Trainee: 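Take a look at the following structure, please.
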Amino acid sequence: MLNDKKFSLYSLILMALMSVMMLLPLWNVIATAFSTNLDSMKPGLLLWPETFSVEGFEVLFNRLEFWRPFANTMFVTVIGVFLHVFLASVGGYVMAQPNLPGKHFLTGIILLTLTIPSQIIMVPLFIVFKDFHLLNTLTSLIVAELVSGFSILLMRNYFEQIPHSLLEAARIDGASNLTIFFKVYLPLTIPGLITVGLFDVVRKYNMFVKPLIFINDPEKITLQIALKSIVMLDNSTSSSDIVTNNVVAGAIVVALVPLVLFYPYIQKFFIKGAHAGAEKG
Amino acid sequence: MVLLPDAITSFVSFRKGSMDTRLLKKYAPLYVLITPIIIYFCVFIFYPLSQAFYISIQEFGLLGSSGFVGLDNYYTIFDDSDFLQVIENTIVLSLGITFFGFTLPIIPAIALVEITQMAAKRWFQTLIYLPNLFSWVIIIGIWMTFLSPAGSLNSVLISLGIIDAPILFFANEDYARGMIVFQTVWKDIGYTTVIYFSAILSINTDLYEAAEMDGATVWQKIWNITIPQLYPTMKIVFLITLLGSLRTFDSAYLMSNGLISHKITTLALYVYEQGILEFDLGIANAAGVILLIIAISLALAVQKITRNK
């Protein structure tokens with residue numbers, strides 16, 4: 001746009017440097033994860049394992065039973081995201097109905113939920129979960145983010161793009177609301193369902209404050225909390241003697257794998273979302 | 001927070017609408033569908049919010065409320081020098097995160113637009129966006145590994161003779177706030193860059209061509225066209241970054257240790273410590289309400305200022 005060859009070259013160099021800045025610490029962690037226990041503790045620049053080793057991963061899975069929090073997170077993520085997407089699309093479907101009496105009122109409620117920072121209601125929410133006997137259950141983590149105003153509004157935007165004539169035609173044919181929802185609306189908004197789902201996958205996978213507050217039982221802790229105990233060398237696990245740097249790095253690498261596998265899809269939908277956001281602004 | 005004025009407008013316009021029984025019948029199934037969602041919001045958001053206000057004016061112990069105390073909890077925390085330190089931490093961290101988080105990404109966004117090699121452009125976008133997906137545990141874990149006393153950066157700096165002893169990035173109170181700001185910006189810069197990047201792409205190219213004919217230099221074009229054209233996007237990014245930074249919790253929680261926590265305990269973290277760890281519910285909720293008031297007044301102030309311009 002500026003049409004200047006020299007500036008374009010500087011831009012390339014700047015972005016290359018910035019990419020190194022993003023990648024270098026990450027690369028360092030991967031190299032540490034595949035080093036031996038001893039090598040990982042030695043001072044020095046570590047960008048390639050001196051001796052390739054999976055000792056760290058063995059400790060992680062055999063002695064620290066890292067698979068258990070991983071399985072818990074998978075459980076919460078799979079079931080939680082499924083329910084979240086379903087409820088968000090039900091909400092979005094209702095909110096997308098033109099001329100629905102009271103729509104402004106409902107929109108008001110949904111917008112209001114978005115304005116309340118979760119930290120402010122953290123303590124009363126803890127009491128609510130206690131009263132429902134949900135503390136120390138994985139169900140609490142599914143309930144905690146069952147549906148969100150953000151996802152409902154996102155789904156509404158997708159539903160609103162469906163031509164109104166299609167809805168009227170289905171109504172004239174005698175289709176009920178449920179039939180219209182499942183047979184007409186959902187199949188036409190697959191990209192929307194995927195976007196809302198991917199957002200929620202990342203949110204559930206990274207969930208931190210809620211499992212921190214709601215879950216005490218070591219059998220039920222989630223990945224991020226287990227990772228926290230290892231990274232912060234939480235002595236409550238009485239395993240700090242075996243947690244060498246390669247174990248810490250190994251845990252980070254294991255936690256990164258699902259994100260990296262999902263990344264191409266996430267990037268496709270998220271970056272599109274960010275572009276759309278900018279256009280609206 | 002951004003949306004508060006819109007929420008108010010929605011409620012006001014609802015009162016103007018009219019209801020018709022025939023319409024109500026037609027739409028009844030839709031109300032049945034949305035009701036569980038509204039109940040969910042009431043139970044898990046609005047009820048806890050009202051409780052936060054209610055508990056903040058009660059003397060609250062393990063067994064529940066033991067009476068109304070008015071604003072006593074508020075007086076108690078404002079008399080506490082720890083709490084004033086917490087307010088200072090929240091403001092300083094917020095200012096740092098907001099300032100760097102909203103200005104710095106403009107540079108890579110401008111650079112990205114000028115890169116002509118399409119493959120490189122895609123790769124750079126992919127790489128800088130990546131940390132945005134990482135949880136705070138991963139972010140802190142990555143940097144703690146890289147910056148540990150025997151870690152890569154300290155080792156290189158020592159062998160180059162730049163420093164004599166390792167820098168304790170995570171255990172020095174002078175670095176604590178800087179480390180939070182740095183890591184937050186590192187995490188979010190890719191996301192914000194993409195927003196600025198698409199905003200720059202939508203600028204009318206005629207402006208640049210006209211400037212070219214007038215003999216404008218690259219810097220003049222950036223300063224006089226790109227930046228002013230970015231103002232609307234910058235306002236939104238500023239507001240989102242500011243409100244997000246006020247909620248700083250995960251990074252401060254994870255970085256806290258005996259040596260530095262007094263410099264980085266934020267309001268959100270204070271609410272957690274008082275409410276969940278100490279179970280001092282009156283104090284915790286008073287702090288929560290103060291956070292809510294700060295957030296809402298800042299949001300309204302920023303919106304008012306930027307709307308007038």
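Just so it is clear, the values below take in all heavy atoms, side chains as well, and ignore hydrogens, waters and symmetry mates. Predicted, not measured: the structure shown is a model, and the values here were computed from it. Chain letters run A, B, ... following the sequence lines, proteins first, then strands; residues in each count from 1.
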Trainee: Between the main-chain N or O of A:Leu146 and the side-chain N or O of B:Tyr40, is there a donor-acceptor pair closer than 3.5 Å?
Mentor: yes
Trainee: Among B:Val289, B:Asp250, B:Leu277, which residue has the highest count of heavy-atom pairs closer than 4.5 Å to chain A?
Mentor: B:Asp250
Trainee: For chain B, which candidate among A:Thr113, A:Val90, A:Leu47 shows the most heavy-atom pairs at distances under 4.5 Å?
Mentor: A:Thr113
Trainee: Measure the CG-CD1 distance between A:Leu227 and B:Ile138 for me, rounded to the nearest 0.5 Å.
Mentor: 6.0 Å
Trainee: Taking every heavy-atom pair that is under 4.5 Å apart, which of A:Leu26, A:Val128, A:Val260, A:Leu100 has the most such pairs with chain B?
Mentor: A:Leu100
Trainee: Under 4.5 Å heavy-atom distance to chain A, tell me which part of B:Phe46 shows up: side chain, backbone, both or neither.
Mentor: side chain
Trainee: Could you grab the distance from atom CG of B:Leu147 to atom CG of A:Asn28, nearest 0.5 Å is fine?
Mentor: 9.0 Å
Trainee: What part of B:Ala52 lies closer than 4.5 angstrom to a heavy atom of chain A: side chain, backbone, both or neither?
Mentor: both
Trainee: Would you indicate whether the side-chain heavy atoms of B:Leu49 and A:Pro124 approach each other to under 4.5 Å?
Mentor: no
Trainee: How long is the span from the CE atom in A:Met232 to the CE atom in B:Met255, to the nearest 0.5 Å?
Mentor: 9.5 Å
Trainee: Within the distance-only criterion (no hydrogens, no angle test), does the side chain of A:Ser8 pair as donor or acceptor with the backbone N or O of B:Ile115 below 3.5 angstrom?
Mentor: no
Trainee: Side chains of B:Tyr272 and A:Leu212, heavy atoms from C-beta outward: is any pair under 4.5 Å?
Mentor: yes
Trainee: Using non-hydrogen atoms and a 4.5 Å limit, figure out which bit of B:Trp143 sits close to chain A: side chain, backbone, both or neither.
Mentor: side chain
Trainee: Is there side-chain contact between A:Lys228 and B:Tyr253, with at least one heavy-atom pair below 4.5 Å?
Mentor: yes
Trainee: Please classify the contact of A:Met95 with chain B as side chain, backbone, both or neither, using a heavy-atom distance under 4.5 Å.
Mentor: side chain
Trainee: What part of B:Glu209 lies closer than 4.5 angstrom to a heavy atom of chain A: side chain, backbone, both or neither?
Mentor: neither
Trainee: Please classify the contact between B:Pro108 and chain A as side chain, backbone, both or neither, with a heavy-atom cut-off of under 4.5 Å.
Mentor: both
Trainee: Where on B:Ile290 is there a heavy atom nearer than 4.5 Å to chain A: the side chain, the backbone, both, or neither?
Mentor: neither
Trainee: As an exercise, state the distance from CG of B:Leu127 to CE of A:Met22, rounded to the nearest 0.5 Å.
Mentor: 8.5 Å
Trainee: Rounded to the nearest 0.5 Å, how far apart are CD1 of A:Ile252 and CD1 of B:Ile140?
Mentor: 10.5 Å
Trainee: Is it the backbone or the side chain of B:Tyr47 that comes under 4.5 Å from a heavy atom of chain A, or both, or neither?
Mentor: side chain
Trainee: Can you say whether B:Ile189 sits under 4.5 Å from chain A via the side chain, the backbone, both, or neither, judging by heavy atoms?
Mentor: side chain
Trainee: Relative to chain A, which of B:Ala216, B:Pro48, B:Gly288 shows the most heavy atom pairs under 4.5 Å?
Mentor: B:Pro48
Trainee: Is chain A contacted by the side chain of B:Val237, its backbone, both, or neither, given a heavy-atom distance below 4.5 Å?
Mentor: neither
Trainee: Under a 4.5 Å heavy-atom cutoff, which of B:Ile225, B:Leu153, B:Ile222 has the most pairs with chain A?
Mentor: B:Ile222
Trainee: So, do B:Phe124 and A:Leu12 sit near enough that their side-chain heavy atoms are less than 4.5 Å apart?
Mentor: yes
Trainee: OG/A:Ser19 to CD/B:Gln125 distance, rounded to the nearest 0.5 angstrom?
Mentor: 11.0 Å
Trainee: Examine whether an atom of B:Phe41 lies under 4.5 Å from a heavy atom of chain A, and if so say whether it belongs to the side chain, the backbone or both; otherwise answer neither.
Mentor: side chain
Trainee: Report the C-alpha distance between B:Ser135 and A:Gln224 in whole Å, list the side-chain angles of each, state the deciding distance to 0.1 Å, and finish with yes or no for side-chain hydrogen bond (donor to acceptor under 3.5 Å, both in side chains).
Mentor: CA-CA 8 Å; B:Ser135 67; A:Gln224 299 298 332; 2.6 Å; yes
Trainee: For the residue pair A:Val29 and B:Phe146, establish whether any side-chain heavy-atom pair is separated by less than 4.5 Å.
Mentor: no
Trainee: Flag the pair B:Thr145 / A:Asn245 as yes when at least one side-chain heavy-atom distance between them is below 4.5 Å, and no otherwise.
Mentor: no
Trainee: Where on B:Ile55 is there a heavy atom nearer than 4.5 Å to chain A: the side chain, the backbone, both, or neither?
Mentor: side chain
Trainee: Below 4.5 Å from any heavy atom of chain A, which atoms of B:Ala268 appear? Answer side chain, backbone, both or neither.
Mentor: both
Trainee: Relative to chain A, which of B:Ile34, B:Ile45, B:Ile37 shows the most heavy atom pairs under 4.5 Å?
Mentor: B:Ile34
Trainee: To check you understand the geometry: which heavy-atom pair defines the closest contact between B:Ala111 and A:Ser11, and what is its length?
Mentor: O-CB, 3.4 Å
Trainee: If we define contacts as heavy-atom pairs under 4.5 Å, which of B:Leu254, B:Leu291, B:Val271 has the most with chain A?
Mentor: B:Leu254
Trainee: Between A:Phe129 and B:Phe44, how do the two ring planes meet: parallel, tilted or perpendicular, split at 30° and 60°?
Mentor: tilted
